[in-house]
Amino acid sequence: MTRLGAMLAKVNAAALLPELLIVLGVLIGALTLAGGLTFVERRLLALWQDRRGPNRVGPFGLLQVVADTIKLFTKEDWVPPFADKPVFVVAPAIIIVSTLMSFAVIPLAPGIVVADLNVGLLFFLGMSSLAVYSITLGGWSANSKYALLGALRAAGQMVSYEVFMGLSLMGVVAMAGSFNLGAIVQAQRHVWFCIPQCVGLVVFLIAGLAETRRIPFDLPEAEGELVAGFHTEYSGMKFGMFFLGEYVGVALISALTVVLFFGGWSGPILPPIAWFLGKTAVLIGLFILVRAALPRLRYDQLMRLGWKVLLPLSLANVAVTGAVILALGR
Amino acid sequence: MIATVDLTTSIEARLGEAVLATQPTADGVPTVWVAPDRLKETLRLLKEAPEQPYVMLHDLWAIDERDRQHRDGQPPADFTVVYELASPDLGSDLRVKVPLKGHAPSLDTITDLWPSANWYEREAWDLLGIRFIGHPHLRRILMPPWWEGHPLRKEHPARATEMGRFEMPEATQAALSERLAFRPEEWGMERAGEDFDYLFLNFGPHHPGTHGVLRVALQLDGQEIMDLVPDIGYHHRGAEKMAERQTWHTYIPYTDRVDYLGGALNNLPYVMAVEHLAGIEVPERAQVIRIMLCELYRINSHLVFLGTFAQDIGMMSPVFYLFNDRERVLDIAEAITGARMHPGWFRIGGIAQDLPEGWEEMVQGFLSYLPSRLEEYESALLANRIFRARTRGVGAITAREAIEWGATGPLLRACGVAWDLRKQRPYAGYERFDFEVPTGANGDCYDRVVVHVEEMRQSLRIVEQCLRDMPEGAYKADHPLATPPRRERTMQDIETLIHHFLSVSWGTVIPPGEASVCVEATKGHNRYHLISDGNTAPYRVRIRTPSFAHLQLLPRLSRGAMIPDLAAILGSIDYVLADVDR
């Protein structure tokens, strides 16, 4: 304790405070956003589906999130007797931790970033690989057939789409010359990467949809076929963590798309943080709209799309980007 | 009737000495009695005849004859097995009856002749205890495996109060649950392949993809379906048994609940069959109103089909749009009949009430509303590339095979067979309407959806013609057996008052005889076969439903497909479990 105290004394408390504020701000911000998204998604879907959505709890139904949270926390937290208990309990935590960790490297505005890593993008890709474990282990440990089928699909789908996700971003990295997300935003001063890297953008968005397991890629859950897929046996807050993890994932992919392709915080007049949040909100809306509009792919179609369309596309994108950069002599 | 006599004679000539007797029926369907030992060759002869073959086994059912009083001219029998044969090319069906003696009757199976006989024979075994020799899996189908007795036999009680007190101690429950477990060996399935085990998955009875309480036991190799066994009966309420203790009139609401999306359309074959027995002519206005209601309910059912089918392949929104549209149909139904899903509104001899004021505006409003919506759904669903990828070539079947399996309705029309009873054998006044019979070509899930959408358009056309040319006149026949008599005819004098009192408190007595009416219901052919023994209640009611025949196709459609395809196929069959189990 004394050594820790001495270490802490050395640290400049005044310099630490804003850092801590940013860390807390991002953590609380991301969780609130994800919680709020559950409500926003339901209201937006309702709007597009000619119905009302949750509008009874509080003004405009805003307190629905609170009601849901109370419900999830007070529900019976049941662990099936046939499940592999330690893994079953740990699995939902992995997805929350790994997606929240990714938020650490996202620059919200100049100077507002939790960890300004020079390998920020790689860190994100690493973390999103970890999220697969959560789904796969969750489905596996439940020891039920539906959960197992969901977990198998999740493993295949997420591992495959990770490949294209990483490849689709290599064009951006090549143009920016850095893995640091702040530097990537800086590199978009003249033109947002969504224009030269339009192919990369499309592949990344599709891979992002697949990574967050949302329609048309919600095969691991597929309620019409697999009941609830990998989280069939989960209840209470353990289910809540998967639920929340999906929304943190949506927010994360949207924020990353903004940083990588839409100039991050840059924009006129309004403060940078407002630009960043505004752009992210539009992309989140796009995610929800896709869910309202499309049917679900079949497993073999999903794999064919990935390996036969997206992989060649992203490889071509990397090759062309590289060639152009070389030709321009940068 | 003269034509029927001719047909019966020609059938008699074709079958020769195998025919024991011919039977006149009120519906005009040629009916011949055949000895049990000659049955199979007779059916084979009829099916494989070079000229006018009866290619479809339309229905197979049985009658407990032991309590029946009026059997004039029929060969003596304790039980009768009835085979209803049909063919899309022929104008008339054929009924073959087989008399059986004794308390444990048995008969040769015809599953090798028609694969669709499988479930029908199991049903006859389950409900009436008729043993079919040579049947591959003769076990109960609607009742649970531990049931004692055969419910449709006359000695089996119909009321719970006639049975012993119901108890289910935990030990019994555990034992019974154990008997429900799926054992692949019983169905001739392997548990393991060469160097791997198959995964057996219980799909249902409580599953979001089965549209109700249906259980499907899947044999899986990875995500591929090797084989499956549908397990039905969870929705069985004994609609046929209930008929035997309801009056002819009070049974009408039970028919609503058979295909619960079909609403008033279910009443039609039943009341028409009663009208055949009683010899009632229905006034023109009542006929057109009936047809209008039927077509509105057909649209209702197809809208639900389209919405839930989209849901089955993972599309989230359409079901909400289509249920909103359906709400408009139900609003009209509510304004006219006072009820929404189960109107119970047709009456013996007509309908319950005349149309309400302002019905024209409501119907007109709907007629101008739906077409543009249908176009929107076509572009959002049918033109969607993922939708096409998920439905084209999935669950495909050829017309020939579909007929072998007894498929009718949109399922058969999607294979390219334009068989629509409203067109081929107009009933209830359909001959006055102008409409087309849409067909598909490939018989896959996609074509089934296309046929459904197009049928809604045709139904709109019919409703429009009803609106334009609604005849004036009475809404119920002035026949002594029309139930209940119209109000104006009950309050005049003591005779009519007593007549009303008797028909309401005891029930109408319908003259003895047999009649069946088959209509083009929302999902295919729906037939009610009524046997009257000159009583206030039917002696036997047989309900032939399209869903029963169609669900039997499930293994054939799904082998080799993946689990997501199963969801699409289940959705595309367009079954209602109450229509399967009755």
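Here is the naming used below: chain letters follow the sequence lines, and residue numbers restart at 1 for every chain.
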Can you tell which part of Ile313(B) gets under 4.5 Å to a heavy atom of chain A, answering side chain, backbone, both or neither?
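Contact with chain A: backbone and side chain both.
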Residue part contacting chain A, namely of Met316(B), when any heavy atom lies under 4.5 Å:
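Both parts, backbone and side chain.
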Does OH in Tyr369(B) sit with more than 12 non-hydrogen atoms of other residues, nucleotides or ligands closer than 6.0 Å?
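Yes, OH of Tyr369(B) has more than 12 neighbouring heavy atoms, counting only those of other groups under 6.0 Å.
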Please report the interatomic distance [atom1]([X]) to [atom2]([Y]), rounded to the nearest 0.5 Å.
X: Leu201(B); Y: Tyr146(A); atom1: CG; atom2: OH; answer: 4.0 Å
X: Glu225(A); Y: Asp565(B); atom1: CD; atom2: CG; answer: 8.5 Å
X: Leu294(A); Y: Asn384(B); atom1: CG; atom2: CG; answer: 6.0 Å
X: Arg291(A); Y: Met315(B); atom1: CZ; atom2: CE; answer: 13.5 Å
X: His207(B); Y: Leu226(A); atom1: NE2; atom2: CG; answer: 6.5 Å

Side chain, backbone, both or neither: which part of [X] has a non-hydrogen atom closer than 4.5 Å to chain B?
X: Ala228(A); value: neither
X: Arg51(A); value: side chain
X: Leu45(A); value: side chain

Atom of [X], atom of [Y] and distance for their closest heavy-atom approach:
X: Ala292(A); Y: Ser317(B); answer: O-OG, 2.5 Å
X: Tyr321(B); Y: Trp48(A); answer: OH-O, 2.6 Å
X: Asn324(B); Y: Gln49(A); answer: ND2-O, 4.4 Å

Winner by heavy-atom pair count (cut-off under 4.5 Å) against chain B, out of [options]:
options: Leu148(A), Leu152(A), Leu149(A); value: Leu149(A)
options: Leu297(A), Asp218(A), Leu219(A); value: Leu297(A)
options: Gln301(A), Lys145(A), Arg298(A); value: Arg298(A)

Side chains of Arg153(A) and Gln223(B): any donor to acceptor distance under 3.5 Å?
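Indeed, the side chains of Gln223(B) and Arg153(A) share at least one donor-acceptor pair under 3.5 Å.
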